[in-house]
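Notes follow once the structure below has been shown.
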Amino acid sequence: MSGSADTTFRLRWERFGPEVEAALSALYGDRAAEVTERVRGLVRAAFDARPDDLRELDERRLLSPDWLQDPRQVGYVAYADRFAGTLAGVGERLDHLAGLGVTYLHLMPLLRPRPGANDGGYAVMDYRAVREDLGTMDDLRALTARLRARGISLEVDLVLNHVAAEHEWARRARAGEPRYRDYFLTFEDRTGPDAYERTLPEVFPDFAPGNFTFDDQLGAWVWTTFNAWQWDVNWANPDVFCEYLDIICHLANAGVEVLRLDAIAFIWKRLGTSCQNEPEVHHLTRALRQAVRVAAPAVAFKAEAIVGPDDLLPYLGVAEHHGKVSDMAYHNSLMVQLWSCLASRDTRLTEVALGRFAPKPTTTTWGTYVRCHDDIGWAVTDADAAAAGLDGFAHRAFLSDFYAGLTPGSFARGLVFQHNPATGDRRISGSLASLAGLEAALEAGDPGSVADAVARVLLLHAVILGFGGVPLLYMGDEIGMPNDAHWADDPAHADDNRWVHRPRMDWDAVAAAEADPDSPSGRILAGLRRLVAVRRATPHLHASVESRVVPSPDPRLLLLRRDHPLGVMLQVYNVSEEEVRLPAAVLADVLGPTASELLGGHAWNLATDVVGVRPYAALWFVPGP
């Protein structure tokens, strides 16, 4: 290495090394110094092996540390095989992504999973290999290079809580190697598992009850939070920490720019707790992130923590970890509240729920989304519901009934997922278009209902694009793809109805939407492109600024305020199919006598009594000239 490279490494280690050691001290006590030296060696090796073009990207990101907060960032989420067949095929579809304004591509699990049932790819058998049907690691490197040339960052899932039972670590544990047995949480009898089970929830009560599995070859019970063939790893063992750090560096040097830290909430176990959101999780993430900033500072972390507001902010960093943990986290509550608004035509619960969020670190960002690959769990607390004048249990039941299409007048076509009779919990599967009413409206042949459904789809996207963060568009939503009627035809998926909203990309439908902008899919595609274009030109949407709820005089309207150095921005969303008359003073008191509405491109006179807000309208206001 040249002297300049040695200097760069030394300066980075001087900056981030003490933070690594401090976090490791909290985790591993007297072993911290030894583990820190191992970490330093790992990141030095990764630093030395880093390709030149990625070194240049590192320097660009160090000069623009807010790159993930820029309103020009727009994400897209897809399964590689269902989007384009292979990794090489994804590379042939970049014009479509560029046409949407995408700068950030999350390809769902693509590392080699176990054969057969594999939890949608989240039972990883080899972190250093790609699924054979998708290609090879060389194909992954080639794709990341093509993406970088188009200004698109690649995100890949990194499952932290568990590995497939067929992973080399598990095979060597079964073979009797003590080192690898210590990579897992194993018990000779049921005493330990029974003690933990008293406070552990069940993730998949329908098809994977309990949290422990007896393995005949191992001769012991092994911790399996999700499925019997997903073995939880033991992060209390520093060998596990070093293994994952090396994996992260390997993926970073292949060109992966964002790592989605899957199941991160579960990785530290403590008797007498739910074994979720334990303080050590944040020490672990901080140590990993600060170490990676030495080897590959272009890389960012996104926490897959689907937890309540009080538990969520620590994944972005609070107190001693402020801004030093993950760079991004999912705003699950926003997604849930949007669907609640649409069903109830009422935003009062949303005002309460979003108002509870304390400010996040200004250096971090939200991942905002309408739908994802997973089911929708109704994360509505009893306390929030009571504050909005609702009964929490009854409202969650209402949402499940509504989106399963069981409520009279419901526009939705969803499926109940994982009904838990003990708690009454019922989650929902379904595509955005089907849950928003487009599938039912097209079948009914009612132009008015079709127009309402298209408007709902665009309204939901307007909120996630205007909230502040990286909006994540889910594959197929840009053309309103409905539920997959044949989701259960594949025996591997027949017992998991989440595959109803994981259809293969319909490229013929994309072409039809392009050719006929007046069709429902064409209107969605054109409307979404318009929203993205306005977002990219609106600096007020930089994610360092928070969106704050403004109390609305009408429960059908959601009002969000953003106080940016360039001036205030006020967003108005009508979640109902009725026009709402909003007192103009609500806008004028914030914006002044005139306002510019960015989505429509019109000037508004607010020196009047009321302003009419059309059904399902989205309005982005800034002060007028």
Side-chain angles (χ1 to χ4, degrees), residues 76-87 89-90 93 96 106-110 113-123 131-134 204 206-208 227 339 369-376 400 402-406 410-419 426-445 449-450 453-454 457 473-514 516 519-522 524-525:
Y76 190 89
V77 182
Y79 286 90
D81 58 333
R82 294 181 166 256
F83 182 69
T86 64
L87 295 180
V90 172
R93 294 291 186 178
H96 176 71
H106 174 196
L107 292 180
M108 299 295 290
L110 54 78
R114 72 188 295 268
N118 55 44
D119 191 20
Y122 289 100
R131 270 176 48 186
E132 292 176 354
D133 61 313
L134 296 180
F204 295 136
D206 277 4
F207 51 72
N227 286 286
W339 289 108
Y369 60 110
V370 175
R371 282 297 289 115
C372 69
H373 73 288
D374 228 335
D375 56 279
I376 301 176
S400 292
F402 186 93
Y403 285 108
L406 303 176
S410 169
F411 48 70
R413 292 280 183 86
L415 287 73
V416 171
F417 177 74
Q418 293 291 318
H419 178 209
R426 288 177 295 155
R427 287 128 70 181
I428 290 291
S429 299
S431 75
L432 165 59
S434 293
L435 294 180
L438 185 57
E439 180 181 347
L442 289 172
E443 287 183 4
S449 296
V450 170
V454 168
V457 170
L473 314 179
Y474 187 63
M475 182 188 83
D477 287 351
E478 70 269 34
I479 56 167
M481 285 180 60
N483 286 342
D484 182 358
H486 304 289
W487 67 271
D489 291 352
D490 185 338
H493 304 158
D495 64 348
D496 185 348
N497 68 25
R498 290 174 299 177
W499 288 95
V500 76
H501 54 255
R502 301 169 181 173
R504 295 190 180 278
M505 189 66 173
D506 188 340
W507 291 106
D508 289 338
V510 173
E514 297 276 10
D516 184 3
S519 66
S521 58
I524 291 172
L525 183 60

Of all heavy-atom pairs between [X] and [Y], which one has the smallest distance, and what is that distance?
X	Y	answer
Leu87	Ala80	CD2-CB, 4.2 Å
Leu438	Val450	CD1-CG1, 4.1 Å
Ser400	Ile428	O-CD1, 3.6 Å
Ala494	Ala488	CB-O, 3.7 Å
Pro482	Pro503	O-CG, 4.2 Å
Asp516	Ser519	O-OG, 2.8 Å

Inter-residue atom distance [X].[atom1] - [Y].[atom2], 0.5 Å rounding:
X	Y	atom1	atom2	value
Leu432	Tyr369	CG	OH	13.5 Å
Phe83	Trp507	CZ	CH2	3.5 Å
Arg504	Met475	CZ	CE	9.0 Å
Tyr122	Met108	OH	CE	3.5 Å

Note to self: My understanding is that only residues two or more places apart in sequence, or in another chain, count here; which of them pass side chain to side chain contact (heavy atoms under 4.5 Å, CB included) with His493?
What the structure shows: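 Counting only residues at least two positions away or on another chain, His493 forms a side chain to side chain contact (heavy atoms under 4.5 Å, CB included) with Arg82, Asp490, Trp499.
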Item checked: Set of residues satisfying side chain to side chain contact (heavy atoms under 4.5 Å, CB included) with respect to Asp375, sequence neighbours excluded ->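 Once residues adjacent in sequence are excluded, the partners of Asp375 under the side chain to side chain contact (heavy atoms under 4.5 Å, CB included) criterion are Phe417, Arg427, Ser429, Arg498.
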Heavy-atom side-chain contact between [X] and [Y] under 4.5 Å:
X	Y	result
Arg502	Asp484	no
Val510	Met505	yes
Leu134	Leu107	no

Keeping the roles fixed (side chain from [X], backbone from [Y]), state whether a donor-acceptor pair exists under 3.5 Å.
X	Y	answer
Ser431	Met481	yes
Tyr403	Trp339	yes
His501	Gly430	yes
Asn497	Val416	yes

Side chain to side chain donor-acceptor pair (under 3.5 Å) against [X], all qualifying residues, sequence neighbours excluded:
X	result
Arg413	Glu443
Asp81	Arg131
Asp489	His486
Ser449	Asp446

